[in-house]
There are 2 protein chains.
Amino acid sequence: MQISSRFSIGVHILSLLAIQPQDHHTSEWLAGSVGTNPVVIRRVLGHLKKAGLANVKAGSGGATLARELDDITLLDVYRAVDVVEEGRLFHMHEQPNPACPVGANIEQVLRLMMFKAQAAMEGVLAAVTMRELVDVLAREIEEKRAAISPK
Amino acid sequence: MQISSRFSIGVHILSLLAIQPQDHHTSEWLAGSVGTNPVVIRRVLGHLKKAGLANVKAGSGGATLARELDDITLLDVYRAVDVVEEGRLFHMHEQPNPACPVGANIEQVLRLMMFKAQAAMEGVLAAVTMRELVDVLAREIEEKRAAISPK
DNA sequence: TTCGTTGTGATGATTATAGTTACAACACGT
DNA sequence: ACGTGTTGTAACTATAATCATCACAACGAA
């Protein structure tokens, strides 16, 4: 199974808010760039709002960043959009037989390994800020632009 | 979403094969320790067999290890049971708008981060052998046994 | 040849994802 | 105060994966 695209959508949205701060960022507009339905955007944006990463104005509409880019890590987004219940990336089978020595002890041993593996993954996400990601993204955009229309 | 319990079941099965080598390991018997249906066991065992981690005898029945414990990592099991398509732990939304600068470039930038995160997770699994896991498990079992009936 | 077992197809219940429609609540400009 | 455009949500749908279970043919050894 895969981690929901809510995560990538969340990052995409925040990138848009960061790179094009002048626009009126409606869910309709954001949906156009992400390539999905405005309601999907609103739902993800709802998560980002609850996590204090974005501001969304009801009524008049429009979303903005609620924190500095340096202050948002990919892990923040990952947690915000709620793709994996905390500490539960791996699903452990639920009824090992306590009457069997292996069944009675496998869970705690295996959970430790699972936890370490998951922590390593999240550690990478925690080490990358939206600032870094947006900088790389901006460089990509600029490079392509320059390649198409060299001065 | 979570990574399928096929992984934990696979590890459980291999642990049983390692720790109780004298038994006739039928799917029925293994299912008793794992706490599931024999068919589920047979299917996971099928994966382990295909990956060269276990031998299964049709007809007369019974499974055995096909490799030394030192020669099986948790990553081998993880790959064997096919819980995550290679390199695809994260699901990236599929239609970012190529006409938008962000939409056109977010994928390659984000995929790189996702790849690193996933690689870190798999690195931990690759670093743990079934030997190590079984040793820890055996120690747990022995400790509990000793606590119940001290000499 | 009989018996227990494996391998596998088929089915069903459950759960998550992702898209869509619909609409009340809301904010702002006029 | 009103109209317009937007958000927040509920509801519904389609799709897909998981896991348990039944059923049964193919197989192996006594």
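We name chains A, B, ... by the order of the sequence lines, and we start the count at 1 in each one. Quantities reported herein were computed from a predicted structural model and do not represent experimental measurements.
- For Ser60(B) and dT5(C), the shortest distance from a side-chain N or O to OP1 or OP2 is not below 4.0 Å.
- Within the nucleic acid shown, Val39(A) comes within 4.0 Å of at least one base atom, counting heavy atoms only.
- Contact detail for Ile141(A) and Val102(B): the closest heavy-atom pair is CD1-N, 4.1 Å.
- Residue Ser5(A) places at least one side-chain N or O under 4.0 Å from the OP1 or OP2 atom of dA18(C).
- Comment: Glu142(B) engages Arg145(B) in a salt bridge, judged by a side-chain N to carboxylate O separation of less than 4.0 angstrom.
- For Thr26(A) (side chain) and Trp29(A) (main-chain N/O), a donor-acceptor pair under 3.5 Å exists by modelled atom type.
- Closest to the side chain of Arg42(B), from the set dA10(D), dA23(D), dT21(C), is dA23(D).
- If you check every strand for non-hydrogen atoms under 4.0 Å, His91(A) touches sugar and phosphate atoms only.
- Side-chain atoms of Ser4(B) lie closest to dT18(D) of the nucleotides dA20(D), dG7(C), dT18(D).
- Of the listed nucleotides (dT20(C), dT7(D), dT21(D)), dT7(D) has the atom at the smallest distance from the side chain of Ala58(A).
- Base contact: Gly59(B) has a heavy atom under 4.0 Å from a base atom.
- The nucleotide whose nearest atom lies closest to any side-chain atom of Arg43(A) is, among dT21(D), dA16(C), dT9(D), dT9(D).
- Comparing dT7(D), dA20(D), dG19(C) by their nearest atom to the side chain of Thr26(A) picks out dT7(D).
- The residue Lys49(B) sits close only to the backbone: its heavy atoms come under 4.0 Å of sugar-phosphate atoms, none of a base.
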